[in-house]
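Notes to accompany the following structure.
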Amino acid sequence: MGYTEDELAKDLESQEYKFGFTSDFKADRAPDGINEDIIRFISAKKEEPEWLLEKRLQAYKAWMQMKEPEWAHVHYEKPSFQDICYYAAPEQTKKYESWDDVDPEMKETMSKLGISMEEQKKLTGTAVDFVMDSVSVATSFKKKLNELGIIFCSFSEAVQEYPELVKKHMGTVVPHQDNFYAALNSAVFTDGSFCYIPEGVTCPMELSTYFRINESGTGQFERTLVVAEKGAYVSYLEGCTAPMRDENQLHAAVVELVAKEDAEIKYSTVQNWYPGDKDGKGGVFNFVTKRGLCEKNAKISWTQVETGSAVTWKYPSCILKGDNSTGEFYSVAVTNNYQQADTGTKMVHLGKNTKSTIISKGISAGQSENSYRGLVQIHPKAENARNFSQCDSLLMTDRSGAHTFPYIECKNNSAKIEHEATTSKIGEDQIFYCKQRGIDEEKAIGLIVNGYCKEVLNKLPMEFAVEAQKLLEISLENSVG
Amino acid sequence: MEVAAENKVLSFVNGWERPTEENAVRKEALQALNAMEFPTTRVEDWKYTRVGKITKRSFKQLNTTIDTSPYIIEDLDAHQLVFVNGYYREDLSAIKKDDALTIQPVDRVDDAYYGQLVEDIDENVFSLMNKAYSNGGVYLHVAKQMKVEHPIHMIHVLTGDEVVANPRHFIRVEQGGKAEVVTTFQSEKAEESFSNVVMEGHVEANAHLRIHKVQTEAKNCFHIANELFVQDEGSQFLINTITTGSRLTRNGLNVIVEGENCHTEMNGAYLGTDRQHLDNHTLIDQLYSNCTSSETYKGVMDDKSVGVFNGKVIVRQDSQNIEAYQSNGNILLSKEATVNSKPELEIYADDVRCSHGSTTGQLDEEALFYLRTRGISEKNAKNLLVAAFIGDVLEKIDIEPLRKSVDQHFLEEFGWEF
């Protein structure tokens with residue numbers, strides 16, 4: 001797998017968060033706090049058209065009326081929204097024609113993250129849209145994608161160059177008043193990614209974006225919009241790392257997927273934001289709204305490996321609007337130390353013969369809390385809808401918690417819905433068996449956990465699967481109860 | 001009693017009478033009501049059940065008498081306790097002599113003992129209303145190491161228009177004692193009336209308590225039950241809940257397991273027709289190690305009815321070696337029926353084997369076809385399959401005469417034969 005036992009041992013020794021470093025950029029910062037002026041400032045900075053500013057202001061007004069949601073099974077100190085800086089851009093914002101023009105320090109940062117552009121280019125055939133704080137600074141493989149008519153660029157670039165596409169689709173899946181954090185995002189989002197696959201085109205490579213929170217105290221408000229036209233296919237990867245920081249950082253992203261007739265979108269995430277230290281100090285708040293809309297015969301598949309963040313609040317959802325559309329959700333969520341995760345999915349069946357599958361694997365270690373919360377909703381017109389859900393929880397210590405909160409709402413009698421959940425710990429007999437074969441306990445647990453998550457890890461693209469396995473092992477170090 | 005008009009709860013109970021004899025439970029409940037509001041669907045526990053249908057009406061108390069003969073279960077050799085509109089009618093009751101069993105008014109439960117037992121337990125507004133305004137109910141006391149020979153049949157009859165019944169019962173089974181209780185809820189010429197029931201109990205160390213609840217009130221009535229049972233070490237508790245009655249039913253059932261080596265079993269069957277709304281809301285709270293629990297609820301919803309199942313199992317920190325099983329199955333017979341199922345697990349200990357399953361669907365086409373190829377009419381084939389589905393739960397009723405009477409009810413009501 002390219003990752004040896006020695007390397008794992010080394011990682012285990014240095015328990016500290018391995019991506020914890022801050023790069024030294026001079027950022028173009030807005031004053032802390034949120035108000036209409038700040039929103040106008042952001043909009044002006046991004047040279048946005050009038051309609052977008054209007055949308056931002058509408059969202060802000062809606063947000064002002066909303067209360068933070070409290071139903072999730074998580075406890076945290078609410079962020080103070082007036083102490084957050086809503087805009088910070090690296091100083092270098094000019095566009096690079098070639099890779100050589102890029103600031104060496106930035107290259108350094110990227111290689112520390114393990115996503116060296118050269119390597120990526122040569123080995124993986126992956127186009128990377130790298131987001132440093134809020135402004136994207138490098139985009140590769142653009143030309144190749146251009147030939148096929150695929151648009152893959154930063155959100156602000158899309159606003160400038162393809163305003164009608166953005167205007168047409170933005171907010172159609174996650175409206176600006178959808179929920180507290182989505183509204184906040186809609187008001188102050190700074191950048192993100194935009195991806196458009198034209199009719200009938202199969203994207204030849206995995207598209208991937210790396211997000212990174214960089215400027216101290218900057219909340220990151222990304223917006224991702226993926227549109228797959230009729231018959232198109234795209235596999236999109238998103239991976240996150242964040243530097244070590246003591247104060248809590250807020251991350252409230254919005255991801256919208258639009259899968260038109262016969263289209264398919266596969267969206268994979270490896271989330272490894274800073275989870276806080278062993279005593280639960282610091283860490284990222286990850287309050288994300290992810291939703292996809294399926295037209296007729298379309299398919300959206302969410303795969304996620306969540307190991308980071310102090311508090312996670314995330315429900316990638318599928319609106320199965322078109323007949324015969326399919327939604328899938330595969331998730332591994334690992335919590336350790338004092339992490340808290342309340343994650344799951346929503347499958348809303350509107351069309352006939354719609355199908356959804358939910359496979360969720362939760363692993364709780366340390367003193368963490370890990371909840372699955374999922375909704376399966378069958379509307380009256382969704383004839384012959386089908387859902388299968390399986391939620392398993394694995395408890396590593398007697399101080400951790402694993403919870404399952406499924407909501408099953410059925411309003412059509414031709415639907416078939418199955419839900420099952422189990423909660424247990426790793427069998428002593430399994431560990432004993434491994435030890436008997438000369439595998440030490442730590443490795444035995446790694447082995448068992450990887451086996452337990454196999455169903456989900458198998459759904460990840462190759463590059464991610466390796467990284468995800470590595471992450472799982474590191475996240476669970478010294479967690480044996 | 002004069003009340004401020006702006007408090008909806010207080011205006012709802014306006015005009016109800018309270019017994020002159022005051023005790024701590026009543027007083028505290030009355031006080032707590034001042035600060036209460038009726039739950040909306042924004043409250044997580046009431047997400048799927050709107051109580052507006054009840055709270056927008058007004059109900060009155062009515063102490064009256066009935067002929068009990070239709071309500072006595074044939075061949076059931078039992079202590080018969082009769083409650084008409086929540087008032088205990090000793091004159092209509094028939095109690096056998098049994099040294100193991102003492103029957104007293106519910107107010108005789110010792111305040112200090114009771115206070116300690118239900119300490120820290122959140123009560124909802126309906127439970128509090130019952131406690132503040134209850135006019136009757138019994139305290140069943142089962143003596144140490146003794147078995148109550150015959151089942152105790154608590155017959156509840158709701159009669160009259162826009163009547164409220166607030167029966168409140170407490171069952172205490174002392175160490176090693178054993179008892180079996182049958183509670184039936186029926187109505188007679190009742191229109192738009194409301195049963196607001198509180199049933200509580202304490203199953204002490206190594207004691208056994210079995211309860212069978214059958215609710216078949218008229219379909220324009222309302223039924224809210226708040227049931228709370230506390231189990232001590234080594235005790236066993238079983239409750240079967242069969243619901244076919246009421247326009248709106250909410251069975252709130254909480255079991256707090258406060259000792260090791262306990263076993264808890266909950267089974268339920270709910271069958272909805274017309275516009276009925278049947279809600280089963282259960283909680284098993286495991287506070288100690290080495291316990292087992294099993295929960296099976298099955299629903300069949302027809303016409304425009306709505307079935308709700310919300311079952312929660314909590315395993316507290318350090319409650320090790322717990323086995324908890326929970327299953328909920330639903331069949332939708334009509335296009336417009338709805339099921340909302342929310343089985344929950346909240347686990348804070350690691351050495352547990354907990355699982356839950358939930359299914360919703362319709363009758364198996366192939367099974368139907370098979371039966372039809374054997375010359376069974378579609379209607380009969382459907383009835384057969386539904387009966388088999390619900391039969392799993394009905395089998396848990398091990399009192400033969402009761403089982404027979406339930407079967408008879410299903411035959412009359414739905415045409416299902418078991």
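These values consider heavy atoms only, across backbone and side chains, with no hydrogens, waters or symmetry-generated copies. Chain A is the first sequence line, chain B the second, and so forth, proteins listed ahead of strands; every chain is numbered from 1.
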### Query
With chain B, which of A:Leu394, A:Leu395, A:Ile426, A:Leu375 has the greatest number of heavy-atom pairs at distances under 4.5 Å?
A:Leu395
### Task
Can you tell me which residue pairs pass the salt bridge (Lys or Arg N to Asp or Glu O under 4.0 Å) test with a partner in residues 317-328 of chain A, sequence neighbours excluded?
A:Glu295-A:Lys321, A:Lys299-A:Glu328
#### Entry: Euclidean distance, B:Ile54 CD1 relative to B:Leu248 CG, rounded to 0.5 Å
5.0 Å
### Message
So, using ring-ring contact (aromatic ring centres under 6.0 Å, His included) as the criterion, who are the partners of A:Tyr76 when residues are at least two apart?
### Response
A:Phe285, A:Phe287
### Heavy-atom proximity to chain B below 4.5 Å, by part of A:Pro406
both
### Message
Quick check: do B:Phe414 and B:Ile390 have side-chain heavy atoms less than 4.5 Å from each other?
### Response
no
### Query
Of all of A:Ala415, A:Gly401, A:Ala402, which one pairs up most often with chain B through heavy atoms under 4.5 Å apart?
A:Ala402
Would you enumerate the inter-chain donor-acceptor pairs between chain A and chain B whose distance is below 3.5 Å?
residue  : atom : partner  : partner atom : Å
A:His73  : NE2  : B:Tyr348 : OH           : 3.1
A:Glu383 : OE1  : B:Lys335 : NZ           : 3.4
A:Glu383 : OE2  : B:Lys335 : NZ           : 3.2
A:Arg399 : NH1  : B:Asp318 : OD1          : 3.1
A:Arg399 : NH2  : B:Asp318 : OD2          : 3.2
A:Ala402 : N    : B:Ile347 : O            : 2.7
A:Ala402 : O    : B:Ile347 : N            : 3.0
A:His403 : ND1  : B:Ile347 : N            : 3.0
A:Thr404 : N    : B:Leu345 : O            : 2.7
A:Thr404 : O    : B:Leu345 : N            : 2.9
A:Tyr407 : OH   : B:Glu44  : OE2          : 2.4
A:Ile408 : N    : B:Ser341 : O            : 2.7
A:Ile408 : O    : B:Ser341 : N            : 2.6
A:Glu409 : OE2  : B:Tyr48  : OH           : 2.4
A:Cys410 : N    : B:Val339 : O            : 2.6
A:Cys410 : O    : B:Val339 : N            : 2.8
A:Ile417 : N    : B:Thr360 : O            : 2.8
A:Ile417 : O    : B:Thr360 : N            : 2.9
A:His419 : N    : B:Ser358 : O            : 2.7
A:His419 : O    : B:Ser358 : N            : 2.7
A:His419 : NE2  : B:His356 : NE2          : 2.9
A:Ala421 : N    : B:His356 : O            : 2.8
A:Ala421 : O    : B:His356 : N            : 2.8
A:Thr423 : N    : B:Cys354 : O            : 2.7
A:Thr423 : O    : B:Cys354 : N            : 3.0

#### Entry: Close side-chain approach of B:Pro343 to A:Ile408, heavy-atom, < 4.5 Å
yes
### Task
Measure distances from B:Leu333 to the heavy atoms of chain A and classify the residue's part below 4.5 Å as side chain, backbone, both or neither.
backbone
### Query
Hey, what do you get for CD1 (A:Ile445) to CG (A:Asn450), rounding to the nearest 0.5 Å?
12.0 Å
### Task
Could you tell me which residues satisfy side-chain contact (heavy atoms from CB on, under 4.5 Å) with A:Met64, sequence neighbours excluded, listed by chain and number?
A:Tyr60
### Query
Between A:Trp302 and A:Tyr330, does the ring centroid distance fall short of 6.0 Å?
no
### Task
Measure distances from A:Ala421 to the heavy atoms of chain B and classify the residue's part below 4.5 Å as side chain, backbone, both or neither.
both
